Amino acid sequence: MFIPVTGSVTLARVSVCNRDELKAALREEGSETIELKYAISVRETITVHGEKVLTGSGELRRAVSSNSAFGGNLLRLADGSLTLKNITINGRGDAGVLAGGLYGWLIEIDGGQLNIGEGVLLKNNRNTTRSSDGGGAVRVRGGACVMTGGTITQNASVTGGAGVRVEAGGIFYMKGGVISGNSCVGMGAIEGFDGRGGGVLNRGTMAVYGGEISGNTVKGYSSGGNSYGGVGGGIANAGDLLLNGGSITGNRGVRGCDIGQIRGRIAGAGAVHIGEIWLKNGQIMHIGGGFSSPAKIRLQPESVKAGVKLVSGVKRKTAVKWFSAGSNISTKYWQLVVHDSVLQVEKRTSPTPTPVPTEIPDGYGGDSGAGYGGTNSGSTGYDGGGSNAGRTGYDNGGSNGGAAESTPRVYPSYIPVRPPDPEAEIWFHTPAVSRMPEESPAATVSHDYDKPALPFFLRLPMITPAPTEKFYDNTVSPPAVTASTVTVSPAPVVTPQPTPFRYVDGCSWHFSVTEIRSLKESLEQTDGLEHSDDAFFEMIHGNIVK
């Protein structure tokens, strides 16, 4: 049964100056606010009864002398309630005489309710040298602990839960405050001494609605090449854990930096901020409809194999948004998938590679600059033919393709003579021809060409040349010759009109198959002859690039 603590209740106020006055005030039945004026050392466990509020500028601390120290619990709550406000409880863990002699906590709850409020500091209760059940700030054996503020820090334990340990039957609600800088060190190979819960070890019921659990550490125990424990740097859960807010990040552990799920249940039903969750084999996290996270939660299963279930109650978009694979899940071999609202591990299937043609059929192939050629070596010229497709640019023939003459451009790697897609593009490359410098835009310059003039029917549309490329007007079609002197007038760099053909130095052209075949039909109507596709493509290519 939880005892509400409200601001409307007026409690009697008493100031205490020594240990005896404190013991008497805490043991009496009734409701009081107890104010510590000075630092008070505790040499025996003080049991709390009634409804008490403990506050003040003084400090409650473990008694330590030159040759001995008290090693048990400082406070024990049996019933009623104890509320802590603006007070420090110090375990004096830095004292050398405590080594091997600490067996208690700062506060142990057997019944009733402990409320940890603003300004509270529970610190420095440390046991790291002896395999005994001691060390840590708060142990909840029965009743409940509600944390709305304050800080639990610099505590250490061998048996787990250096900040808070919740036993079966105990309840811990965290609504605010900070649990940070605590550590658990494993000292044995059996459960209970192998390191579990740097910040919190939960074997009962725990719910996180707010606050921060960060910077805690858990170390396991190693022997004979085997590793034990090291579970849950922030929280090691072996009971019921509800995540409904707060931040659990920046902790360190062997099995789960932030949360290690050993057994029991773990559920998320609110806005949570978590770094990594380790799941023992068979453990599954469950999320509710209101679950959300500002960052992806890394999931780290104990073993990785196909079909391992990680989270239930998810949708596909939820899994992508909230969860990612942990460090032990290689994304090269494994992937997270959703089946029937369960996120699980599956083997990643490699995509079937696209088969590469073993030989190039007669026709056009290769990248831009690949010319007409077949499986045999091409002849000397601007042809990328041969047994292998040419690289960008033109080539002097041979068994391999040539290197680039102009800036490479990304073009289709292979286009057959008869592509199934009527809108597929066929690329031709026009080689750069040596020309004399232009004297002025209006000047007329003569050049000797080693290529025939274009036939009258080749009025082909083309891509717009790059701004740095020069193009020359060939709207007047001279008769076909093998070598002649042609007068060329430089034209201003403008977008070409669709009807005239423009010859471009070092430029690539592309035409759809539909356009090519339309031109072939026009030619056949003009000369009255039938031309095969191969012959027509050869004619076009020869007139452009030879």
Side-chain angles (χ1 to χ4, degrees), residues 1-16 18-37 39-42 44-62 70 72-91 104-123 125 136-152 155 161 163-167 169-177 179 200 204-206 211:
M1 177 179 180
F2 297 133
I3 303 173
V5 178
T6 66
S8 60
V9 178
T10 302
L11 303 179
R13 192 176 191 92
V14 59
S15 296
V16 296
N18 55 53
R19 182 172 59 251
D20 292 336
E21 292 178 353
L22 175 63
K23 286 169 55 178
L26 290 174
R27 287 177 176 176
E28 289 180 359
E29 298 290 345
S31 301
E32 305 187 279
T33 295
I34 303 170
E35 182 179 3
L36 270 65
K37 288 290 194 179
I40 297 177
S41 297
V42 177
E44 60 179 315
T45 300
I46 300 176
T47 302
V48 180
H49 296 281
E51 299 175 10
K52 301 297 191 296
V53 176
L54 190 59
T55 185
S57 58
E59 178 182 271
L60 189 67
R61 60 189 185 185
R62 185 179 299 279
F70 172 59
N73 303 319
L74 300 190
L75 298 176
R76 174 180 174 269
L77 179 62
D79 52 42
S81 69
L82 173 63
T83 299
L84 304 178
K85 292 182 180 180
N86 300 312
I87 191 170
T88 297
I89 302 180
N90 187 353
W105 286 260
L106 296 180
I107 305 172
E108 185 174 65
I109 307 169
D110 289 327
Q113 180 173 324
L114 173 67
N115 302 295
I116 302 173
E118 295 296 333
V120 175
L121 181 60
L122 305 180
K123 69 173 187 177
N125 200 48
V138 179
R139 183 185 187 187
V140 187
R141 297 179 59 183
C145 175
V146 179
M147 186 174 182
T148 57
T151 301
I152 299 176
N155 302 284
V164 178
R165 186 197 297 182
V166 186
E167 305 290 6
I171 299 172
F172 176 42
Y173 287 168
M174 186 173 182
K175 299 181 178 181
I179 300 176
V200 181
T205 300
M206 176 178 176

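Since the model is a prediction, treat every value here as computed from it, not as a measurement. In this chain, numbering begins with 1 at the start of the sequence shown.
- Exactly one of Asn125, Asn73, Asn90 qualifies for a side-chain hydrogen bond (donor to acceptor under 3.5 Å, both in side chains) with Arg62. That residue is Asn125.
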Let me see the working for Leu22 and Leu54 under side-chain contact (heavy atoms from CB on, under 4.5 Å), right down to the final yes or no. CA-CA 10 Å; Leu22 175 63; Leu54 190 59; 4.1 Å; yes
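- Going from atom CZ of Arg61 over to atom CG of Leu106 covers 14.0 Å, rounded to the nearest 0.5 Å.
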Can Met174 and Val164 be said to form a side-chain contact (heavy atoms from CB on, under 4.5 Å), step by step? CA-CA 11 Å; Met174 186 173 182; Val164 178; over 6 Å; no
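- Within the 3.5 Å criterion, the main-chain N or O of Ile116 finds no donor-acceptor partner in the side chain of Lys85.
- Between Gly136 and Asn155, the closest heavy-atom pair is CA-CB, 4.1 Å.
- Considering every non-hydrogen atom in both Gly163 and Ala137, the closest pair reads O-CB, 3.2 Å.
- Residue pairs meeting the salt bridge (Lys or Arg N to Asp or Glu O under 4.0 Å) criterion with at least one member in residues 21-30, sequence neighbours excluded: Lys23-Glu44.
- For Ala24, there are no side-chain contact (heavy atoms from CB on, under 4.5 Å) partners, not counting sequence neighbours.
- By the 4.5 Å heavy-atom criterion applied to side chains, Thr148 and Asn115 are not counted as neighbours.
- Heavy-atom minimum distance, Thr47 versus Ala78: CG2-CB, 4.2 Å.
- Here the CG-CG distance, from Leu60 to Leu122, works out to 10.0 Å after rounding to the nearest 0.5 Å.
- Applying the side-chain contact (heavy atoms from CB on, under 4.5 Å) criterion to Thr151, with sequence neighbours excluded, gives Leu121, Thr153, Val178.
- Here the side chain of Ser81 pairs no donor or acceptor atom with the backbone of Gln113 at under 3.5 angstrom.
- Looking at Ile109 and Val138, their side chains come closer than 4.5 Å, going by heavy atoms from C-beta outward.
- Listed by chain and residue number, Arg76 satisfy the side-chain hydrogen bond (donor to acceptor under 3.5 Å, both in side chains) test with Asp110 (two or more places apart in sequence, or in another chain).
- Under the side-chain contact (heavy atoms from CB on, under 4.5 Å) test applied with Leu82, the options Leu75, Val53, Ile34 reduce to a single match, Leu75.
- Contact detail for Ala25 and Val16: the closest heavy-atom pair is CB-CG1, 4.3 Å.
- Residues passing the side-chain hydrogen bond (donor to acceptor under 3.5 Å, both in side chains) test with Lys37: none are found, sequence neighbours excluded.
- Contact record, Phe70 with Val42: CD2-O, 3.6 Å, taken as the closest heavy-atom pair.
- Under the rule for a side-chain hydrogen bond (donor to acceptor under 3.5 Å, both in side chains), the partners of Arg139 that lie at least two apart in sequence or sit in another chain are Glu108, Glu167.
- For the atom pair OG1 of Thr45 and CH2 of Trp105, the computed distance is 11.0 Å after rounding to the nearest 0.5 Å.
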side-chain contact (heavy atoms from CB on, under 4.5 Å) between Met206 and Val140: does it pass, once the steps are laid out? CA-CA 11 Å; Met206 176 178 176; Val140 187; over 6 Å; no
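- Residues Ile152 and Met147 form a side-chain contact, since some pair of their non-hydrogen atoms from C-beta on lies under 4.5 Å apart.
- In this structure the side chain of Glu59 never reaches within 4.5 angstrom of the side chain of Leu36, judged on heavy atoms.
- Nearest heavy-atom pair, Ile89 versus Leu74, reported as atom, atom and distance to 0.1 Å: CG2-CD1, 3.9 Å.
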